[in-house]
Structure formats: C-alpha cells, structure tokens
*Asks:* 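Quick one: this structure, given as structure tokens, is what I'll be asking you about.
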Amino acid sequence: MTTQPETDAEPRVERNDAENRYEIWVGEVLGGFTEFTPDSRGRLVFPHTEVDPAFKGQGLGGILAGRAMADVASRGETIVPECTFVVRYLQGHDVPGLKIDWPKPGDEG
C-alpha cells in the first residue's frame with residue numbers, strides 16, 4: 001500500500017461508525033477525518049477535523065465537511081458543530097436539510 005497521495009484518484013468520503021468519524025480517502029490513502037460523538041440528546045457533536053499535511057491545498061477539508069454534513073442531513077440527524085473548521089464551513093455553505101444546534105457556552109448536551 002502506498003503512503004504517497006494519489007493525486008489522480010477521486011476523493012471518497014465514508015462514515016466509519018466504529019471510529020465515530022467521517023473519513024476522506026484518496027485512492028487507498030486516508031487523507032483526513034472529522035470526528036463526531038453522539039451526546040445525551042442523540043445529536044452528533046463534531047469536535048475535531050484533521051487533514052493529512054500531504055494533501056494540503058487540495059480542498060480535501062471542504063470536500064470532507066460538505067459530504068459529511070450532507071450525509072448527516074440525509075439521515076435526519078442533528079449536529080452540534082464545535083470544530084472551528086466545521087463551524088467555518090457551515091457559515092459559508094448551505095447544507096439542505098441539515099439540522100444544526102449551535103453550541104452555547106456551558107452547553108454540555
């Protein structure tokens with residue numbers, strides 16, 4: 001298995017419930033992920049997103065956030081965006097059908 005980015009491969013985003021995250025793959029290489037944790041109200045809290053530095057500048061973070069949010073919306077789930085990357089993505093993009101509970105100071109679910 002290669003560890004170098006495959007620049008000609010189409011990125012794909014997959015939900016990995018075992019790891020509580022959405023992953024973006026470029027060929028057979030994991031390019032990044034955004035984590036989620038179900039809270040006591042059944043919402044998905046998104047605390048962290050990470051993209052491999054080898055893929056810097058390729059827009060994988062935006063693809064990952066967009067496809068993850070679209071999948072959550074299609075499932076009828078509600079998110080709580082805590083990750084600054086996800087917050088910035090949602091402030092600049094409309095995701096049809098996505099239910100968002102914006103976090104409030106001291107809101108622990």
*Asks:* Classify the angle between the aromatic ring planes of Tyr22 and Phe36 as parallel (below 30°), tilted (30 to 60°) or perpendicular (above 60°).
*Replies:*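 Tilted, since the angle between the ring planes falls between 30° and 60°.
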
*Asks:* Verify the cluster assignment for Leu44 and Phe33: are they in a single hydrophobic cluster under the rule of side-chain heavy atoms below 4.5 Å apart?
*Replies:*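 Different clusters: Leu44 never reaches Phe33 through Ile, Leu, Val, Met, Phe, Trp or Tyr contacts under 4.5 Å.
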
*Asks:* Nearest 0.5 Å, what's the CG-CD1 distance between Asp39 and Ile79?
*Replies:*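 It is 11.5 Å, given to the nearest 0.5 Å.
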
*Asks:* Start with the C-alpha gap between Phe46 and Val87, add the side-chain angles, then the distance that decides, and say whether side chain to side chain contact (heavy atoms under 4.5 Å, CB included) holds.
*Replies:* CA-CA 9 Å; Phe46 280 78; Val87 167; over 6 Å; no

*Asks:* Can you name the closest pair of heavy atoms from Gly31 and Leu60 and give their distance?
*Replies:*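 Reported closest heavy-atom pair: CA-CD1, 4.3 Å.
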
*Asks:* Any idea which heavy atoms bring Val72 and Leu98 closest together, and the distance?
*Replies:*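 In this case the closest contact between Val72 and Leu98 is CG1-CD1, 3.9 Å.
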
*Asks:* Indicate yes or no: at least one non-hydrogen side-chain atom of Ile100 is less than 4.5 angstrom from one of Met69.
*Replies:*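 Of all side-chain heavy-atom pairs linking Met69 with Ile100, none is under 4.5 Å.
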
*Asks:* So how far is it from Arg41 CZ to Thr78 OG1, rounded to the nearest 0.5 Å?
*Replies:*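 These two atoms lie 9.0 Å from each other.
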
*Asks:* Is Phe55 linked to Ile63 within one hydrophobic cluster, defined over Ile, Leu, Val, Met, Phe, Trp and Tyr using a side-chain heavy-atom separation of less than 4.5 Å?
*Replies:*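 Yes, same cluster.
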
*Asks:* Return the minimal non-hydrogen interatomic distance between Ala73 and Gly97, and the atom names on each side.
*Replies:*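 Heavy atoms only, the tightest pair is CB-C, 3.8 Å.
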
*Asks:* Closest approach of Glu23 and Leu64, non-hydrogen atoms and distance?
*Replies:*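 The answer is C-CD1, 4.1 Å.
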
*Asks:* Testing the basics here: between Ile24 and Pro11, what is the closest heavy-atom pair and its distance to 0.1 Å?
*Replies:*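 Taking every non-hydrogen atom into account, CD1-CB, 3.8 Å.
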
*Asks:* Does a salt bridge link Arg75 with Asp71, judged by any charged N lying under 4.0 Å from a carboxylate O?
*Replies:*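 Between Asp71 and Arg75 there is a salt bridge, with a charged N closer than 4.0 Å to a carboxylate O.
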
*Asks:* How many angstroms lie between atom CG of Asp52 and atom CD of Gln58, to the nearest 0.5 angstrom?
*Replies:*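 So the gap between those two atoms works out to 10.0 Å.
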
*Asks:* Return the minimal non-hydrogen interatomic distance between Phe85 and Gly62, and the atom names on each side.
*Replies:*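 For Phe85 versus Gly62, the nearest heavy atoms are CZ-N, 3.7 Å.
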
*Asks:* What's the spacing between Arg67 CZ and Arg12 CZ if we round to 0.5 Å?
*Replies:*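 Spacing of CZ (Arg67) from CZ (Arg12) equals 11.0 Å.
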
*Asks:* Nearest 0.5 angstrom please: Thr37 OG1 to Arg21 CZ, how far?
*Replies:*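 Here the interatomic distance stands at 12.0 Å.
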
*Asks:* Show me the pairs that pass side-chain hydrogen bond (donor to acceptor under 3.5 Å, both in side chains) and involve residues 84-99, at least two apart or across chains.
*Replies:*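 The answer is none; no pair qualifies.
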
*Asks:* Would Glu82 and Arg43 pass as an ion pair if we require N to O under 4.0 Å?
*Replies:*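 Here Glu82 does not pair with Arg43 in a salt bridge, since their nearest N and O are not under 4.0 Å apart.
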
